[in-house]
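Contents: one structure, followed by commentary.
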Number of protein chains: 2
Amino acid sequence: MRNISDIIEEYLKKIMHSNQHKIIEIKRSEIADRFECVPSQINYVINTRFTLEKGYLVESKRGGGGYIRISRITNEDKAQLIDEIIEMIQPKISQLKAVNILERLLEEELITKREAKLMVNAIDRNTLPFQLPLRDEIRARIMSAMLNALKYEI
Amino acid sequence: MRNISDIIEEYLKKIMHSNQHKIIEIKRSEIADRFECVPSQINYVINTRFTLEKGYLVESKRGGGGYIRISRITNEDKAQLIDEIIEMIQPKISQLKAVNILERLLEEELITKREAKLMVNAIDRNTLPFQLPLRDEIRARIMSAMLNALKYEI
DNA sequence: GATAATATCTGATATATTCCGCATTTTCCC
DNA sequence: GGGAAAATGCGGAATATATCAGATATTATC
């Protein structure tokens, strides 16, 4: 007998694959009712089986009209490269090194010129009003966040 | 089944876009009757979905002959729009308002989905490890820097 | 059997929607 | 000029929905 988490996971993947766009939108309470468990059980299933590393993007909205939306996403090689870059820049990175990384991504056509310029501006020393080493730490955080946004196509 | 606020929002946007000048004038009570909700529900929809950050201007008149008028703010000049947004967000901006601005720029096709996502991640509260109001101030600076990168074509 | 990993649920918290009850403004009529 | 009708605005309560930390239970591994 499998556990309720496996059953819910299987159900969600089934309805996702039957959807041409590989995207589903659910209400926690409805799924919980259907499988006779508490609503936060759905959170557990989603947080453990539908992660970015496994190729899913989860978005949600609280309150009346709330929902949970799960999308399938792709492009593992690029994701891996970006993960390596993110790991490289922890826990802080200088502006010069950051710009070099962005130039590399531009050369490999993983980002556009506009995106490069946007990111360069976001992490410029004039944008971040802190002393070193805090400025380099904040720069690493912002850089990582932006790179994370590039890992997958939707 | 979606909630009544989303339905009213969609209806208002539809009649606005079918209008060449992107301006509509409504009576609260008429819309409320049409969608079978209380009149103040219209206030809620307008106050949350038709904000300045999202590119709308709302005017109204109470009393007999009262109305609500909603206009789409149009900007012929992209650089001017971005300058106005940069001015709007000084000296600090909340994450919600920033996201609304980016959605507006996305709607007007001034930025791509990827660029929007990149910027949303850069200014997310999880990226900026500060207490309020400093976090909103840093957010404004990063946002301004990124918007400045978009003012002109490369 | 001890420990680690995973699963399930509780209770608190965050966010969004809907409506109530009243305030305010404007127009019309006597 | 005053009162009634026609209109919108708003603070707050109630309700609807999701997330999350942590406690506890179950299962897996050694």
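Worth knowing before you read on, the calculation uses all heavy atoms, side chains too, and leaves out hydrogens, waters and symmetry mates. In what follows, every chain begins at residue 1, and chains take the letters A, B, ... in the order their sequences are listed.
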Please write out the pairs of protein N or O atoms and N or O atoms of nucleotides 24-27 of chain C separated by less than 3.5 Å, giving the distance to one decimal.
from, atom 1, to, atom 2, distance (Å)
C:dT24, O4', B:R62, NH1, 3.3
C:dT24, O2, B:R62, NH1, 2.9
C:dT25, O2, B:G63, N, 3.1
C:dT26, O4', B:R62, O, 3.4
C:dT26, O2, B:G64, N, 3.1
C:dT27, OP1, B:K61, NZ, 2.8

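The aromatic rings of B:Y11 and B:F35 sit perpendicular, their planes meeting at an angle over 60°, well past the 30° parallel limit.
Applying the 6.0 Å contact sphere to NZ of B:K22 captures more than 12 heavy atoms from other residues, nucleotides or ligands. A:E108 CD: more than 12 foreign heavy atoms inside a 6.0 Å radius. Around NZ of B:K151, the count of heavy atoms belonging to other residues, nucleotides or ligands within 6.0 Å exceeds 12.
If you take CZ of B:R28 and P of C:dC19, they are 13 Å apart, rounded to a whole angstrom. Rounded to a whole Å, the CG atom of B:L132 is 13 Å from the P atom of C:dA14. We find that CD1 of B:I68 is positioned 14 Å from C1' of D:dA6, with the value rounded to whole Å. Rounded to whole Å, atom C1' of D:dT17 lies 15 Å from atom CZ of A:R69. In this structure, A:Y67 places its OH atom 15 Å from C1' of D:dA16, rounding to the nearest Å. Between the CD atom of A:E30 and the P atom of D:dT17 there is a distance of 8 Å, rounded to whole Å. Atom C1' of nucleotide D:dT27 and atom CD1 of A:I4 are separated by 16 Å, given to the nearest angstrom. At whole-Å resolution of the value, CG in B:N3 and C1' in D:dA16 are 10 Å apart.
OP1 or OP2 of D:dG9 has at least one side-chain nitrogen or oxygen of B:S60 nearer than 4.0 Å. Considering only side-chain N and O atoms, B:R49 lies under 4.0 angstrom from the phosphate OP1 or OP2 of C:dT17. In this model, the phosphate group of C:dA14 is not approached by any side-chain N or O of B:R125 to a distance below 4.0 Å at OP1 or OP2.
Using a cut-off of 4.0 Å between Lys/Arg side-chain N and Asp/Glu carboxylate O, B:R2 and B:E9 are scored as not salt-bridged. A salt bridge is absent between B:R104 and B:E53: the closest approach of a Lys/Arg side-chain nitrogen to an acidic carboxylate oxygen does not fall below 4.0 angstrom.
Listed for the B:R139 side chain is a donor-acceptor partner under 3.5 Å among the backbone atoms of B:I123.
Scanning all heavy atoms of the two residues, the minimum distance from B:K54 to B:R49 falls at CD-O, 3.2 Å.
Distance check, rounded to the nearest 0.5 Å: CZ of B:R114 to CZ of A:R114 gives 12.0 Å. Here the straight-line distance linking atom OG1 of B:T48 with atom CG of B:N100 works out to 9.5 Å at 0.5 Å rounding.
Axis angle between the ends of the helix from C:dG1-D:dC30 to C:dC30-D:dG1, five pairs each and rounded to 10 degrees, works out to 0°.
Within the cation-pi definition used here (under 6.0 Å to the ring centroid, within 45° of the axis), A:K13 qualifies as a partner of A:F50.
Residues of residues 31-47 of chain B that place a heavy atom closer than 4.0 Å to DNA chain C, in numerical order, are B:C37, B:V38, B:S40, B:Q41, B:Y44.
Just one of B:L106, B:V99, B:L150, B:I101 meets the side chain to side chain contact (heavy atoms under 4.5 Å, CB included) condition when paired with B:M119; it is B:L150.
Here A:T48 lies out of heavy-atom contact (under 4.0 Å) with every strand.
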